[in-house]
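Predicted model only: the values in this text are computed from it and were never measured.
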Amino acid sequence: MDWLNGAVELGLLYAFMALGVYITFRILDFPDLTVDGSFTTGGAIAAVLITNGVHPLLATLAAGAGGMLAGACTGLLHTKGRINGLLSGILMMIALYSINLRIMGKPNVSMMGENIVFASIDPLIIMPFVVIIIKVLLDLFLRTDLGLALRATGDNAKMIRSFGVNTDNTIILGISLSNGLVALSGALVSQVSGFADASAGIGMIVIGLASVIIGEAIFGAKSVFRATLAVVLGSIVYRIVVALALRVNLDASDLKLITAIIVIIALVFPSIQRVFKEKSTARKRTAELVAANAKTDAVAGKRGGGVNAGA
């Protein structure tokens, strides 16, 4: 069962990235592609600092701060520069590729033999507690006035502006927080894998969306608490599905294809389920109408028979 332990471990490490995508994708309704760049930024900052003797915990926190800065730049491009949200993310993602290479000084940085966060403890032991703490803190934040303003900005920006809320600030905050979590995930993943690579973030947005969609499809998202829990569990389920797919003689090079197929299924399944439910409801209503009409005809027939007998 080593493969299962490995899948759960990866799911927990990527859970922060999934939570970050949840903030932009579901809460802000913002198509943020900065994720592909900020994930690598987190790994790059952590790797460079750790290899230069910085304490791994401080290096990991610095990586999260770097991700928040990248997210803030995307938010500023969109809100102050009036650039389309999707294009803002693409521009920042492209810029971060060069920035990450500048940070590392080369395409990849090895951390083999270095002191990392998980040097003295198994990630599978500590990560569940860390993920729960971050999840609870996010839930509490989203219940504050600022968190409610953030959620309202995604639901109806015009309405929340009418109450005097500066939606530009909430958008920048939300994207910053999102990419901070993504970079934190990148820093942790790079430490577990033993290296940071300039191309590590390619496709991260799809993986994050897969985790969010799978979690919501399986566990539901009727409240913030349940939605964030579903995202975390969705990240784990996604990794288990990928591990199972790789065990049936699929190549590692097929990972992106597997991810795309999983996302397609997760997106299509609720629609198919809804169609079957609507058809079932329609059949039930038709049966009820037929029964009601039959009953009405029977009553009318009895009344007509009674009138003829009286005559």
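Of the charged side-chain nitrogens involved, at least one lies within less than 4.0 Å of a carboxylate oxygen, so that E216 and R26 count as a salt-bridged pair. Remark: R151 does not engage D155 in a salt bridge, criterion side-chain N to carboxylate O under 4.0 Å.
Panel note: side chain K135, backbone F225; a donor-acceptor pair is recorded below 3.5 Å. S178 contributes no side-chain N or O that, together with a main-chain N or O of G174, makes up a donor-acceptor pair within less than 3.5 Å. With S38 contributing its side chain and A70 its backbone, the two residues share no donor-acceptor pair below 3.5 Å. Side chain of D36 to backbone of I205: a donor-acceptor contact under 3.5 angstrom is found. Of the possible donor and acceptor atoms, one in the side chain of T40 sits under 3.5 Å from a partner among the backbone N and O of G201. Proximity of a side-chain donor or acceptor of Q191 to a complementary backbone N or O of A187 within less than 3.5 Å is detected. Using a distance-only test at 3.5 Å, with no hydrogens or angles considered, a donor-acceptor pair links the side chain of N84 to the main chain of L87. T170 contributes a side-chain N or O that, together with a main-chain N or O of T167, makes up a donor-acceptor pair within less than 3.5 Å. The main-chain N or O of V231 is never found under 3.5 Å from a side-chain atom of S235 such that the two would form a donor-acceptor pair. A donor-acceptor contact shorter than 3.5 Å is absent between the side chain of S190 and the backbone of A196.
Atom OG in S193 sits 7.5 Å away from atom CE in M112 (nearest 0.5 Å). To the nearest 0.5 angstrom, I99 atom CD1 is 4.5 Å from M92 atom CE. Atoms CG and CG, on L188 and L12 in that order, are 11.0 Å from each other to the nearest 0.5 Å.
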Please walk me through it: do N100 and T41 pass side chain to side chain donor-acceptor pair (under 3.5 Å)?
-> CA-CA 6 Å; N100 294 335; T41 301; 2.7 Å; yes
Would you please test Y14 and F39 for ring-ring contact (aromatic ring centres under 6.0 Å, His included) and show each step?
-> CA-CA 10 Å; Y14 281 97; F39 183 88; 5.8 Å; yes
Would L181 and M17 satisfy side-chain contact (heavy atoms from CB on, under 4.5 Å), going step by step from the backbone distance to the final call?
-> CA-CA 6 Å; L181 288 171; M17 187 266 294; over 6 Å; no
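Annotation for D145: atom CG does not count as buried by contact number, only 12 or fewer foreign heavy atoms lying within 6.0 Å. Other residues, nucleotides and ligands contribute over 12 non-hydrogen atoms within 6.0 Å of the NZ atom of K80.
Linking Ile, Leu, Val, Met, Phe, Trp and Tyr residues whenever their side-chain heavy atoms come within less than 4.5 Å leaves L148 and L146 in two separate clusters.
In terms of heavy atoms, I160 sits closest to A149 at CG1-O, 4.4 Å. Of all the heavy atoms in F219 and A230, the pair that sits closest is CB-CB, 3.9 Å.
Judged by distance alone, the side chains of N179 and T34 never bring a donor and an acceptor atom under 3.5 Å apart.
In this structure the side chain of L77 never reaches within 4.5 angstrom of the side chain of T74, judged on heavy atoms.
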